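Keep in mind that this is a model prediction, so the values were computed, not measured. Counting from 1, the numbers follow the sequence of the chain as shown.
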Amino acid sequence: MIDVIVEVLGGERFLAQDLGRTHRVYPAASVGRDRFAGLLTWPAINRLLDTHRLEPPRLRLSADGAAIPVSEYCQRRTYRRMPPWEAPQPHLVAQQLRDGATLVLDAIEEMHPPIGSMVNTLERHLRTCVQANAYASWTAKEGFGVHWDDHDVIVLQVSGAKRWRIYGPTRPAPLYRDVAFDDTPPEQPIDEFTLQAGDALHVPRGWWHAAAASTGQPSLHLTCGLATHTGIDMLSWLVDDLRAQDCVRADIPRLADQDTQTAWRCEMGKLLAERLNDPTVIDAYLAACDAVRGPRGGFSLPHAVHERLPDDPGLPVRLTTPRAVLRRAEQAVTLEAAGQRWTLADQAAPLLETLVSGRPTTLGGLAQAANVPIDQAAELLDQLLHSGIIAVGRT
């Protein structure tokens, strides 16, 4: 199921031709209408709503481009030892949905493992942070009106159908924090279509669009928001990386004569030009982003509390971050993940490569990959477990 997501997008073709460039529908064949059904079901949504403290805006309702006031579908609950919260009421939420509201669950990958696994796969493939929101609607009323997002999105139609209108961009590559804003959408759409269950859609950043459920059946879809990697982002990283240079950390010569200031400016420009002319600078930036990507989940009770892992070959093991960086050197291998770094003997490389790949594995499988005894593999993994980089005992 999870690898299907990358296949649906066309693998490397999506990165080379579609991402950030144009909208595209990826239709399902008639036999593939259920290919996203395992990601989210109505019973699963009900369980999430019943068992999680989903306070707005994590859960929210929207209609006609505006958020519905919390007081119209929530009731305030108070406790002796916990903060009060606005608890969604099932009958009030259902009434709003009957009247045309859209229900939104933000960052559902943090709560629902099938979507979390899918998001991890997307992150490894796209090398960027991904957040998945779930949208459920029952009527032809648009929840958000005509709007644009400040990031590319991938839409997966899980069940039902949704009508889309694509208008295109009015400002190239707009940002959330920008110097100019255009709040007037184009008058006419450039494309109109209906996504059926199993279909996928890509909409680039800054492209105006609108969506509404097809009448007669509930629509359930996931929108995966892709974090941007702009020139501003890379320059910010580059400037931060230049803190290693004494002259960059020094005060600017604000009170010096013109010649001194000119010399300083030339030195700064030379440093920046040298880095930007390095053909590996983009790869270095992306690797730095990968290496600091934080973990998603990672509780491994009771094993994490023990001094060492049990010598259980069937114990499931996984990396908690989807974008770790592995560097090979002579007689050593370095793992960078979640802002931490480990340097291990080269013999550990096959074990770490298996972990970084994201493929399901076990302690026994890792020991076999590294050609070491179970107890030696367990000892190696102990330090990663106690740093929160791996999770064990969970499939």
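- With respect to Arg243 and Asp246, no salt bridge is recorded, no charged nitrogen being found less than 4.0 Å from a carboxylate O.
- Heavy-atom neighbours of Arg76 CZ from other residues, nucleotides or ligands within 6.0 Å: above the threshold of 12.
- Here CG of Asp149 is found 9.5 Å from CZ of Phe144. Values are rounded to the nearest 0.5 Å.
- The SG atom of Cys74 sits 7.0 Å away from the CG atom of Leu59 when rounded to the nearest 0.5 Å.
- In terms of the side chain to side chain donor-acceptor pair (under 3.5 Å) criterion, residue partners of Thr223 (sequence neighbours excluded) are, by chain and number, His221.
- For Asn371, the CG atom is loosely surrounded, since the number of other residues' heavy atoms within 6.0 Å does not exceed 12.
- Other residues, nucleotides and ligands place no more than 12 heavy atoms under 6.0 Å from the CD1 atom of Ile282.
- To the nearest 0.5 angstrom, Gln157 atom CD is 10.0 Å from Arg33 atom CZ.
- Remark: the backbone N or O of His91 is not paired with any side-chain donor or acceptor of Gln89 at under 3.5 angstrom.
- Looking at Arg296 and Glu110, no side-chain N of the basic residue comes within less than 4.0 Å of a carboxylate O on the acidic one, giving no salt bridge.
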Ser159 and Trp42: CA distance, side-chain angles, deciding distance, side-chain contact (heavy atoms from CB on, under 4.5 Å) verdict: CA-CA 10 Å; Ser159 65; Trp42 292 109; 3.9 Å; yes

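- When every heavy atom of Val325 is checked against every heavy atom of Ala291, the shortest pair comes out as CG2-N, 3.9 Å.
- Within the structure, side chain to side chain donor-acceptor pair (under 3.5 Å) contacts touching residues 269-278 (residues at least two apart or in different chains) are Asp241-Arg275, Asp278-Thr280.
- Remark: the backbone N or O of Asp18 is not paired with any side-chain donor or acceptor of Thr22 at under 3.5 angstrom.
- Rounding to the nearest 0.5 Å places CG of Asp290 at 10.0 Å from OH of Tyr285.
- One finds no salt bridge joining Lys141 and Asp99 here, because no Lys/Arg side-chain nitrogen approaches an Asp/Glu carboxylate oxygen to under 4.0 Å.
- Summarising the local packing, CZ of Phe181 is surrounded by more than 12 heavy atoms from other residues, nucleotides or ligands at distances under 6.0 Å.
- Counted by atom type alone, Asp257 and Thr260 present one or more donor-acceptor pairs between their side chains at under 3.5 Å.
- For the residue pair Val317 and Leu363, the shortest heavy atom distance occurs at CG2-N, 3.8 Å.
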Verdict with reasoning, Met268 to Cys247, per side-chain contact (heavy atoms from CB on, under 4.5 Å): CA-CA 8 Å; Met268 294 299 105; Cys247 59; 3.7 Å; yes

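- Rounding to the nearest 0.5 Å places CG of Leu286 at 9.0 Å from OG1 of Thr128.
- With respect to the salt-bridge test (charged N to carboxylate O, under 4.0 angstrom), the residues Arg35 and Glu7 do not qualify.
- By the 4.0 Å N-to-carboxylate-O rule, Asp375 lies too far from Arg308 to be salt-bridged with it.
- A salt bridge does not link Glu86 to Arg53: none of the charged nitrogens lies less than 4.0 Å from a carboxylate oxygen.
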Arg359 and Thr354: CA distance, side-chain angles, deciding distance, side-chain contact (heavy atoms from CB on, under 4.5 Å) verdict: CA-CA 7 Å; Arg359 297 190 300 270; Thr354 302; 4.1 Å; yes

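- The two residues Tyr26 and Arg13 come nearest to each other via the heavy atoms CE2-NH2, 3.6 Å.
- Counting non-hydrogen atoms of neighbouring residues, nucleotides and ligands closer than 6.0 angstrom, the CD atom of Gln261 exceeds 12 such neighbours.
- Nearest heavy atom pair, residue His125 against residue Leu15, reads O-CD1, 4.0 Å.
- For the pair Arg58 and Asp106, the salt-bridge criterion is not met [side-chain N within less than 4.0 Å of a carboxylate O].
- Residue Tyr79 qualifies as enclosed at atom OH: its count of foreign heavy atoms under 6.0 Å is above 12.
- Atom CD of Gln131 has more than 12 neighbouring heavy atoms from other residues, nucleotides or ligands inside a 6.0 Å radius.
- Under 3.5 Å, the side chains of Asp233 and Thr230 contain a donor-acceptor pair of N or O atoms.
- Note that CG of Leu381 is 12.5 Å distant from NE2 of His303, once rounded to the nearest 0.5 Å.
- Ring pair Trp208/Trp164: centre-to-centre distance not below 6.0 Å.
- Residues His23 and His202 keep their aromatic ring centres 6.0 Å or farther apart.
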